[in-house]
Amino acid sequence: MRMSKLVGRRIKEDPKDAVTISHKYLIRGGYIRPVSAGICSLLPLGKRIIAKIENIIREEMNAIDGQEVLMPVVLPAELWQESGRFETVASELLRFKDRNEKDMLLGMTHEEAVVHLTRTEVSSYKQLPVMLYQIQTKYRDEARPRAGLIRAREFTMKDAYSFHPDQECLDNYYELAHEAYVRIFKRIGMSQVVSIQSDSGMMGGKVSHEFMALADCGEDTIFISPDGKSYLANKDVAVAAWKYGEKTDVLELEKVHTPGKESIEDVAAFLGMKPENTGKAVFYVDDDENLIFAMIRGDFEVNETKLKNALKVPNLYFATDEQIRNAGAEPGYASPLSLDHDKVKIVVDNSIAASSNLVVGANEADYHFKNFNLERDLADAEITDIACVREGDPCPVTGEPLQIKRGIEVGNIFQLGTKYSEPMNCNFLDQNGKSHPMIMGCYGIGVGRAMASVIEQSHDNWGPVWPLPVAPFQVQICSLNPNKEGVGEAADRLYEELREAGIDVLYDDRGEKAGFMFKDADLIGVPFRLVLSPKTLPNNQVEFKRRGEKESRLMSRDTVVAELKVMIDEEMQKYL
RNA sequence: CGGGGUAUAGCGCAGUCUGGCUAGCGCAUCUGCUUUGGGAGCAGAGGGUCGCAGGUUCAAAUCCUGCUACCCCGACCA
């Protein structure tokens, strides 16, 4: 590619709206252009990178017997009504009507579509297991797109779906898919990707992992053991080996006057105690307005994801004061004592069960009780873990203090089970001619998000430093003073030779000032740079520099093509 | 969906408070000359529905009303 013809201008200044590194460089380098909030076009440079990422993904999916398909972006609502998701998924699903007033939607994920395909094409145990995948545009009507490609409304996704006759087969394949994902991210050149335990959310299913690119701008919070491998989990599901201290003798309940002390900190300070000597009450309601009373020790926060999973409800909302009063409790002074158990579902954290003589509300303004003990005062409560892990809490595996990191979710894998196959009648016949729903897994990768994540992890003050396997070009030629000493003609010849050698080469033939071309080259981030100039060409030499390194060195013009081929091969080996 | 901010040339901005010459600056673009090792200089040129719609006024980028879009924080997020 000749730079004089390349569409996509470089921009000298940071765009005012961009906050993250990847967003800035994707705009400044001429990789993407925004069209609307969370919607953008890919320019030639961006498209080249995306194509390389897609090909790596494709190779690895094919290597685990995946078959590539392409499903529609526009789907009929009836398909989503079969699974029930047309109603349950909220406003991220863009719905519309066609000219015949038929309900349609833009696909945001394709479980329904792939089940539709599989139930018509696959019916025997002899055909299983099978995995279908596609690389396709998805649309999610995000409430708040941000950070360029990190959270977009329209984006490219690789989504794969596997079908199995039994759980063991899925377990085995899930492991294969996990290994394929590890290879994919290594080949893309992301050095810091971890697979963590995660919540499966609206996708359903039990076992799931997220692949997180560690980056400060990431939206997800991850807890990691200090060794970086013993324990890794999303904050939504993270657990810790909490030590709650010793149980002590149960004391008599004692009502105390605590005027105006509503918060845990105020009450504890007023009574000369610590937050961990108190019990905190948090009220929620679910979609059916059932009231839920969650109780946890004062020094912890309730983890709503854990609570949702414990209650098996999709959504929880903070209860209003009115709803709390209707159940016989007093906001700010709510108590597990004297609650109407018929009107409220009670869930208690392990921390409460493990503690003695806590301060709790008295269900009466300006009063608390001392010496609450679960086993005496609330014996029938459901006890489980609904606590948020805190930084420094002991790792459940090693006991070391857990660390917090931020991550960008670039991929995820789920075991779906029969969540879709059962309601949608995706069945197969076993050896005995008996019909069973297929057991499913699904496996996603955000392609654009992966490109942005590579920049987040691989850049310097001048632009991205692309790993060779995904770089838009492998080699860039800068021709300085092309009208002197035959530099221009020599650069033309070198460009042709490199192309004939099968090397992806970008040729800056514009004859701009050196600094101008170098700045552009930095923004394009091509791994290998060759400079031809009147300074070295008369000696039959070209300058060679790796992107990201300071030092350059001279190469003989006669051997440069061969040397580059070797270097490219060696460099590619590092990512396998 | 709640809170905050912005909207003037392709990009970045000034001008708006206090209404008043032909709406300005830097970068980018085009022409010519000089330059050429980390975003060059000189000279010239093109480019605007001042987000949209109403209103006030002799006069609106500027004041008033409504709307829209975009960005940031939060809620939400397979």
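Remember, predicted model here, so these are calculated numbers, not experimental data. Throughout, a chain's letter reflects where its sequence line sits, starting with A, and its residues are numbered from 1.
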Base-pairing assignment for [N] (Watson-Crick or G-U wobble, both under 3.5 Å):
| N | value |
| --- | --- |
| B:A7 | B:U68 |
| B:U62 | none |
| B:G48 | none |
| B:C1 | B:G74 |
| B:U22 | none |
| B:U57 | none |
| B:C42 | B:G32 |
| B:U16 | none |

Which pairs of donor and acceptor atoms, one on a side chain in residues 542-549 of chain A, lie under 3.5 Å apart (sequence neighbours left out)?
| from | atom 1 | to | atom 2 | distance (Å) |
| --- | --- | --- | --- | --- |
| A:K545 | NZ | A:E549 | O | 3.2 |
| A:R546 | NH1 | A:E571 | OE1 | 3.1 |
| A:R547 | NE | A:P464 | O | 3.3 |
| A:R547 | NE | A:D522 | O | 3.2 |
| A:R547 | NH1 | A:D460 | OD2 | 2.7 |
| A:R547 | NH2 | A:D460 | OD1 | 2.9 |
| A:R547 | NH2 | A:G463 | O | 3.2 |
| A:R547 | NH2 | A:P464 | O | 3.3 |
| A:R547 | NH2 | A:D522 | O | 3.2 |

How far, in whole Å, is [M] from [N] if one measures between their [atom1] atoms?
| N | M | atom1 | value |
| --- | --- | --- | --- |
| B:A61 | B:G24 | P | 13 Å |
| B:U29 | B:G10 | C1' | 9 Å |
| B:U31 | B:A69 | C1' | 38 Å |
| B:U34 | B:C52 | C1' | 48 Å |
| B:C71 | B:A28 | C1' | 23 Å |
| B:G4 | B:A9 | P | 27 Å |
| B:U62 | B:G19 | P | 12 Å |
| B:U8 | B:A60 | C1' | 14 Å |

* For A:F211, all residues meeting ring-ring contact (aromatic ring centres under 6.0 Å, His included), sequence neighbours excluded -> A:H178, A:Y181, A:F185

Interatomic distance, [X] [atom1] vs [N] [atom2] [rounded to whole Å]:
| X | N | atom1 | atom2 | answer |
| --- | --- | --- | --- | --- |
| A:L26 | B:C11 | CG | C1' | 17 Å |
| A:R9 | B:C30 | CZ | C1' | 13 Å |
| A:N483 | B:U35 | CG | P | 11 Å |
| A:E304 | B:C76 | CD | P | 6 Å |
| A:D220 | B:C76 | CG | P | 13 Å |
| A:E142 | B:C72 | CD | P | 13 Å |
| A:E154 | B:C77 | CD | C1' | 18 Å |
| A:I27 | B:G10 | CD1 | C1' | 13 Å |

Scan [X] against the nucleic acid and name what it touches under 4.0 Å (heavy atoms): base, sugar-phosphate only, or nothing.
| X | answer |
| --- | --- |
| A:E219 | nothing |
| A:Y139 | nothing |
| A:A143 | base |

One thing to verify: whether [Y] and [X] come together as a salt bridge, which I'm taking to mean a side-chain N less than 4.0 angstrom from a carboxylate O.
| X | Y | result |
| --- | --- | --- |
| A:R406 | A:D216 | no |
| A:D220 | A:K235 | no |
| A:K535 | A:E485 | no |
| A:E154 | A:K138 | no |
| A:D103 | A:K97 | yes |

* Taking OP1 and OP2 of B:A75, is either one under 4.0 Å from a side-chain nitrogen or oxygen of A:R144? -> no

* Structure fact -> 5' to 3', nucleotides 37-45 of chain B under a 4.0 Å protein heavy-atom cut-off (B base, S sugar-phosphate only, - none) gives BBBB-----

* Side chain of A:E13 (C-beta onward), nearest among B:G26, B:C76, B:U36 ->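 Taking heavy atoms from C-beta onward, the closest nucleotide is B:G26.
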
* Asked: Nearest 0.5 Å, what's the OG-CD1 distance between A:S458 and A:I188?
  ->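 If we round to the nearest 0.5 Å, A:S458:OG and A:I188:CD1 are 13.0 Å apart.
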
* To do: Determine whether A:M451 and A:L26 make a side-chain contact, defined as any pair of heavy atoms from C-beta on separated by less than 4.5 Å.
  =>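 Yes; the side chains approach each other to less than 4.5 Å.
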
* Asked: Can you tell if the side chain of A:V505 reaches within under 4.5 Å of the side chain of A:Y495, non-hydrogen atoms only?
  -> yes

* With a 3.5 Å cut-off and just heavy-atom distances, do the side chain of A:R151 and the base of B:C77 make a donor-acceptor pair? -> yes

* Closest-nucleotide ordering on RNA chain B, the 5'-leading residue of A:K484 and A:A18 ->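 Residue closer to the 5' terminus by nearest nucleotide: A:K484.
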
